[in-house]
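Scope of the values below: all heavy atoms of this structure, side chains included, with no hydrogens, waters or symmetry mates. Numbered from 1 within each chain, the chains take letters A, B, ... in sequence-line order.
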Amino acid sequence: MRAARAALGRGREVALGFAAWQRFHVPSWSEMFQPVRGKPDFPALEADITAFWRSASIYEKSLAARRDGPRFVFYEGPPTANGMPHPGHCLTRTIKDLYPRYRTMRGEYCERKAGWDTHGLPVEVEVCKELGIHSKAEIEAYGVEPFIHKCQESVWRYTKEWETLTERIGFWIDLSTAYVTYHKSFVESVWWALTTLFDRGLLYKGHKIVWWWGQGGTALSAGEVGQGYREVADPSVFVAFPLLDEAGEPTARCLVAWTTTPWTLPSNQFAAVKADLEYVVLREAAVEGEPAAGREYVIAGPLAAAFGEKLKMAFEVVERLRGDSLVGRSYLPPFDIFRPEGPPQPAPLAAGGAEPAAWRVVAADFVTTDSGTGIVHVAPAFGEVDYGVLVAEQARFASGNEPTLLNPVAPDGTFTDAFPMGSGRFVKDCDRDITRDLKARGLLVHQEQYVHDYPFCWRAEKDPLIQYPRESWFIRTSRFREQMLANNEQIDWLPDHIKHGRFGNFLETNVDWALSRERYWGTPLPIWVCEETGQAEAVPSYEALLAKPGVGGVEVFDQAKRADPDLSDDLRVHKPYIDAVTYDSPFAPGKRMRRVSEVIDCWFDSGCMPFAQWGWPHRGGDEFAAQFPADFISEAIDQTRGWFYSQLAISTLLFGAGYEGDLPPGAAAPPGEYPHPFKTCIVLGHMLGEDGQKMSKSRRNYREPAEIFDAYGADALRWFFLAGQPPWTGIRYNERAIRESIPEFLLRLWNVYSFFVIYAEIDGFDPAAVLAAPGQLDHADLARARGWRSAAERGELDRWMLSELHATAAVMVERLDAYDHFAAAGELSRLVDAVSNWFVRSSRDRFWAAGRADGGPEANPDKLDAYWTLYETLLTIARLAAPFVPFVSEAIWQNLAVAGAGDAVPESVHLTDYPEGDEALVDRDLVRRMGVVRDVASLGRAARAAERLKVRQPLSKVEVILTDPATGDEAWLAAHAELVCDELNVKQFEICREPDRYIERSVLPDLKKLGPRLGKDLPRLRKALGTADGAAILAAIHDSGQATVPLDGGGEAMLEEGDVIVRTTAKPGWAAAEGPRAVVVVAKDLTPELVAEGLVREVVHSVQTRRKTLDLEFTERIELVFASTSGELREAIEAHLDYVAAETLATTASVSADEPAGGERIEIDGHPLVIDVRRT
RNA sequence: GCGCGCGUAGCUCAGCUGGUUAGAGCGCCACCCUGAUAAGGUGGAGGUCCCUGGUUCGAAUCCAGGCGCGCGCACCA
């Protein structure tokens, strides 16, 4: 292929193939560049580029070229492919593409291994929806084996959409070697991690109150619970607990307890008060004509008033008492399902004496007066704190007499027969009946709605979670809190407040990781238990399992495989097959080891990804060693407690001191600065819909990514993400904003590119012809071309452009190295604006000047300079822009570099080195001074506009007054008189000799300087200077070095050089405009000669318009015939006939009073004119 | 409730180590320019810089207290 292309000579054919190019380039007449269409079809262009990258394996080549470079390690946080990708994923994929691309261009070797998160509740729930089932019983009835098969299929449901998106947005990543969390190799790495934790005593089984998903029959981790909070209105009830007298009979005095979970009242075991808090006993005040109500309420003193208001009743306080005086009193619980008949029976305490084991007032520190009544209903089965009360009470009683946990709720979240009223119904659904019953029995003191956030299952959104006592497996992460915090210190977070804010806070409040899930589709917990003794051991791999003595049950999978040869071998390590594998117990002769039934939290899978993606430590030692830790990761903010945490926690626990001893024999130890798994993390904001609300399918407040790609292209979307706002602000996904970002950058760049190609063709500018060794076509490479002149030899405009170019490159590198692509994009945008609106604009004449640009005998050196400058600028911009907008950059590179130089230059812009900027070409003084010229031009246009002097009308003179003559810019500006005259269409440029005619100078104090010195006198000085003669003060400072200003109300202030700022304002009556650096005045007076010239310019403009309507080529010659009844106009045209002909490429031109047959009838400033443009 | 972030033009956002007339882009209006034109230029309209109080000669910027929005946390019993 390479040889074939070389045989074609200078590689004219473009790598994309000509047919593809024709779609966005008009058919060629050229020898150099493919002509560029003025109106690019970006989506079509991108499709062609994508095809080119794929067929030419550009991504693979970009890796191969950097194989020996330093590593840049990137981790792909695995998405789940069982849902459609949405705009948020486009953002992450854009950011994840930008930095690897950039780093690769910088010479680093950046492998990009894709990954898929495949396990867990989301998948199971999806499958259940599909099967129309919900509960675990239904899954069991359907069969675990077919269910698992469904899960495995479901995981790949939208893979195609994901792959399409990935390629379409230009995210370069290796999908073919993607890691998959359900693969055997991945699972075995996770097993190794769990075995290591188990052997170190960090994985334990605990009896705890967990957040429980009743319908799903499993506990959830803190992370999962956090995802499901929702605001709901729950019943809020105030319930009377009558205190018992010595005989065990209820009295009229009642404790008032408050709860938002009436369904926990049947399980009440204690009432808690705060020992040192004051409580009051309230009695309903007597109302005239009615007997005083007999009942008394005990409630915390500070809450009594609010309580009275709620009940809209007047109470009198009959007694005040401290909380500890209530401790030990028995009361009547709201339900008697667990309570024996008769008075409470005391049970012996460990320390001697006796007390009733339950339904007794206890003291507890967690009681507050923030809300409620200061008396807490304690149901140990359904609250972590409540459970703590029970454990503490149990410790007080003599062995065998402890209070037991009372639990009338089954694991599926329904009441058992122990509570007949709710038997078989979900607990929360019984709140209303329970409340009604309490009311009927006179125990309901008050009822209202309480709006608060309550957790629901993050996947089954209608299922509320409940706190529930359960045996569950935990990882002792809380023991590593300090180490995790220390490791966090070493991570660079963007934005940096994440480190000590969200993420740091989350680590501070770390609790043990509730790891196990009583589910089906997940990494099985690799723990086998002796059926006799209950002793357990963990198994680090399938191979280790097979090596166990007397292993059996492996054949279950083999049989299934025979029945279905398509069955994936990866399922060997999954339920239900793995559950069949048992082996001889080392703990009890003749007994078997059986696996526990649980699978694990899928977040643990993804957190193991740094090593599990290679199957380490069982295999992949070299890869892991080279790819840990990551230099860069990026995900959205919801991953703080997800993937960001799981990676850090696992890494900290596993790779802290002494991990080497836990590696299997022969496994490579990981290198690097352990144990933080990533060095830099960009935390992305959440994307919002068009209306600023959360994106939601049902609200239809965003357009599908595919539609955006089809309408505007991937580069437009990428640019919108990268240049629109810093990545961590919540991004409004706004179609209008995406559309509008095109002209301001992509199209502007394209226009310059198109301009260059058009004129390069006309002038025969052909770099490839004069470059023996083009290299990467950077400054040094171009210097070897024939006819090339160094920057020092070129004009100021060229030097200025090159200076801007190289300075911008340097800043962009500096910004991108700091992961600040937003600022880098801003620089790039400014650069493109500078090329388009100053360099090209000011250089037009040079491109249109006589002579060729081909290095031949007719060559015009200045013209050639302009081409070389623009050529270098465009190529460099293509490379600078490549990580941001990879498609357009590639299109420009293909045409400007590959089309001419063929194999002699890198085949793709993404195979070039990122420009770093050549400091030697940067001339900051020139840039500043060019800024002055641009200011003057801009002010001149403003002055014209203010007087309605249109630019086509030539004026005699422009005068400039510089605000600060000391800079020495005067002479420099005078030297650029031609440029200014050109821009402003004036005949003469002058630095004003008598500025006082046009301007006034006033003197302002430099507050920053004088503030600290004068303090309170400052306002008076400002007032004094406001009315003072500025010129006199300036003169005084100039002559004697200081000026004295008298202050109102006495005293004076002394001013020295540098204490004041001079402001220049234009006097009224002149066509003048003022800016911070200069005042520009244009002469308004018109001589007949100037008027005539103005008319001629109008005529030329009309002819050009006519050429355009006739669709003439830029170089096509014409014949011109004018006719006008206006003598003034005829004279003007006649006087400038040569000029008109030259400007309009007319071979002949004539003007007469007689109207010709053809032609267009128009009016020029009130003068009638007929123009006849004829093709030659 | 606690924590993090945010509140500046119609929209999207800069500015915020205190300093003079608070900026940019887009949108809108007017005019201009147009041999790159889905461009470009100049001007204009549009602001209680969320509120209140404090520190200071001076506050969009610092401090305190509110209010509002987004997100996170969770022993709201």
Side-chain angles (χ1 to χ4, degrees), chain A residues 36 38-40 222 225-226 229 236 257-261 264 272 366-368 370-372 375-379 382-386 388 450 452-455 495 497-498 500-502 504-506 509 637-638 640-641 685-686 688 692 694 724-726 728-732 734 736-737 740-744 747-748 750-759 826 829 836-837 840-841 844 847-848 937-939 941-946 948-952 1004-1012 1014-1022 1061 1063 1073 1101 1104-1105 1107-1108 1112 1114-1115 1143-1145:
Chain A
V36 177
K39 297 177 183 178
V225 175
Y229 274 89
S236 156
W258 175 64
T259 181
T260 55
T261 51
T264 63
F366 59 77
V367 178
T368 64
D370 294 342
S371 57
I375 296 171
V376 174
H377 144 64
V378 179
F382 307 111
E384 208 176 322
V385 177
D386 308 49
Y450 187 78
H452 64 157
D453 289 331
Y454 192 87
H497 61 75
I498 299 282
H500 298 125
R502 274 207 192 177
N505 288 344
F506 181 57
T509 58
I637 191 155
D638 52 280
T640 12
R641 44 183 16 233
H686 264 142
L688 306 170
K694 234 178 166 158
Q725 56 277 304
W728 42 80
T729 55
I731 295 179
R732 281 272 273 278
N734 186 316
R736 191 175 60 93
E740 284 168 358
S741 76
I742 296 174
E744 116 197 359
L747 200 57
R748 196 178 277 169
W750 188 270
N751 281 337
V752 176
Y753 161 60
S754 159
F755 174 90
F756 169 82
V757 170
I758 288 169
Y759 291 100
S829 188
S836 172
N837 287 329
V840 170
R841 191 184 158 80
R844 277 182 188 165
F847 290 104
W848 301 331
S938 175
L939 289 169
R941 278 191 291 264
R944 291 189 77 118
R948 306 225 172 251
L949 295 165
K950 56 189 178 180
V951 180
R952 257 188 245 118
L1004 293 170
D1006 185 339
L1007 296 176
K1008 222 165 193 167
K1009 239 178 183 171
L1010 294 170
L1014 294 179
K1016 284 189 189 338
D1017 288 337
L1018 195 58
R1020 285 156 66 210
L1021 173 69
R1022 292 180 72 174
I1061 294 166
R1063 185 188 292 162
H1101 170 65
Q1104 303 291 25
T1105 311
R1107 284 185 64 113
K1108 204 164 188 175
L1112 299 185
F1114 296 131
T1115 48
E1143 286 292 303
T1144 58
L1145 299 182

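- Base pairing of B:rG40 is made with B:rC32, judged by Watson-Crick or G-U wobble geometry with both donor-acceptor distances under 3.5 Å.
- Between A:Thr259 and B:rA77, a side-chain N or O to OP1/OP2 separation shorter than 4.0 Å is absent.
- The OH atom of A:Tyr759 sits 7 Å away from the C1' atom of B:rA36 (whole-angstrom rounding).
- Only the C1' atoms considered, B:rG19 is 34 Å distant from B:rC28, to the nearest whole Å.
- Separation of the P atoms belonging to B:rC26 and B:rU42 is 11 Å when rounded to the nearest angstrom.
- Classified by interplanar angle (parallel below 30°, tilted 30° to 60°, perpendicular above 60°), the ring pair A:Tyr759/A:Phe755 is tilted.
- Nearest heavy-atom pair, A:Val378 versus A:Asp386, reported as atom, atom and distance to 0.1 Å: CA-OD2, 3.4 Å.
- Considering only the side chain of A:Arg641, B:rG72 comes nearest among B:rG72, B:rA38, B:rA36.
- Taking the P atoms as reference points, B:rG65 lies 30 Å from B:rA22, given to the whole Å.
- Distance noted for atom P between B:rA45 and B:rA30: 15 Å (whole Å).
- In this structure, NE2 of A:His1101 is placed 7 Å from P of B:rG35, rounded to the nearest angstrom.
- A distance of about 8 Å separates the C1' atoms of B:rG10 and B:rG46, rounded to the whole Å.
- B:rC16 sits 14 Å from B:rC63 when the C1' atoms are compared, rounded to a whole Å.
- Note: CZ (A:Phe847) to C1' (B:rG35) measures 14 Å, nearest angstrom.
- Summarising the geometry, the separation between CZ on A:Phe756 and P on B:rA39 is reported as 24 Å, rounded to the nearest angstrom.
- Distances were taken from every side-chain heavy atom of A:Thr261 (C-beta onward) to each of B:rG35, B:rA77, B:rA38; the shortest belongs to B:rA77.
- Base pairing annotation: B:rU21 forms no Watson-Crick or G-U wobble pair, as no partner gives both donor-acceptor distances under 3.5 Å.
- In the set B:rA36, B:rA77, B:rA38, B:rA36 carries the atom at the smallest distance from any side-chain atom of A:Val752.
- Distance check on atom P: B:rA36 versus B:rG25 gives 24 Å, rounded to whole Å.
- Between A:Tyr753 and A:Val757, some side-chain heavy-atom pair lies under the 4.5 Å cut-off.
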Pairs under 3.5 angstrom, nitrogen or oxygen only, protein versus nucleotides 4-7 of chain B, please.
| unit_1 | atom_1 | unit_2 | atom_2 | d |
| --- | --- | --- | --- | --- |
| B:rC4 | O2' | A:His497 | ND1 | 3.3 |
| B:rC4 | O2 | A:Arg502 | NH2 | 3.2 |

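- Across all strands shown, B:rG47 remains unpaired; no Watson-Crick or G-U wobble contact has both distances below 3.5 Å.
- Contact annotation for A:Ser836: base contact, defined as any heavy-atom pair under 4.0 Å involving a base atom.
- In this view, A:Thr261 and A:Thr259, A:Trp263, A:Thr264 satisfy the side chain to side chain contact (heavy atoms under 4.5 Å, CB included) rule, not counting sequence neighbours.
- At whole-Å resolution of the value, CD1 in A:Ile758 and P in B:rA39 are 17 Å apart.
- Across the strands present, B:rU56 finds no partner; the criterion is a Watson-Crick or G-U wobble pair with both atom distances under 3.5 angstrom.
- Nucleic acid contact for A:Val757: none, since no nucleic acid atom lies under 4.0 Å from a heavy atom of the residue.
- When rounded to the nearest whole Å, the span between CH2 of A:Trp750 and P of B:rA38 equals 14 Å.
- Nucleotide B:rC4 forms a pair with B:rG70, judged by Watson-Crick or G-U wobble geometry with both contacts under 3.5 Å.
- The separation between A:Asp386 atom CG and B:rA77 atom C1' is 6 Å, rounded to whole Å.
- Judged by ring centres under 5.5 Å apart and planes tilted less than 30 degrees, A:Trp258 fails to stack against the six-membered base ring of B:rA77.
- Rounded to whole angstrom, the span from the CZ atom of A:Arg841 across to the P atom of B:rG41 amounts to 8 Å.
- One C1' atom belongs to B:rC33, the other to B:rA39, and the distance between them is 11 Å to the nearest Å.
- A 3.5 Å limit on both hydrogen-bonding distances identifies B:rG10 as the Watson-Crick or G-U partner of B:rC26.
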What nitrogen or oxygen pairs link the protein and nucleotides 23-26 of chain B at under 3.5 Å?
| unit_1 | atom_1 | unit_2 | atom_2 | d |
| --- | --- | --- | --- | --- |
| B:rG25 | O2' | A:Glu744 | OE1 | 3.1 |
| B:rC26 | O2' | A:Glu740 | OE1 | 2.3 |
| B:rC26 | O2' | A:Glu740 | OE2 | 3.1 |

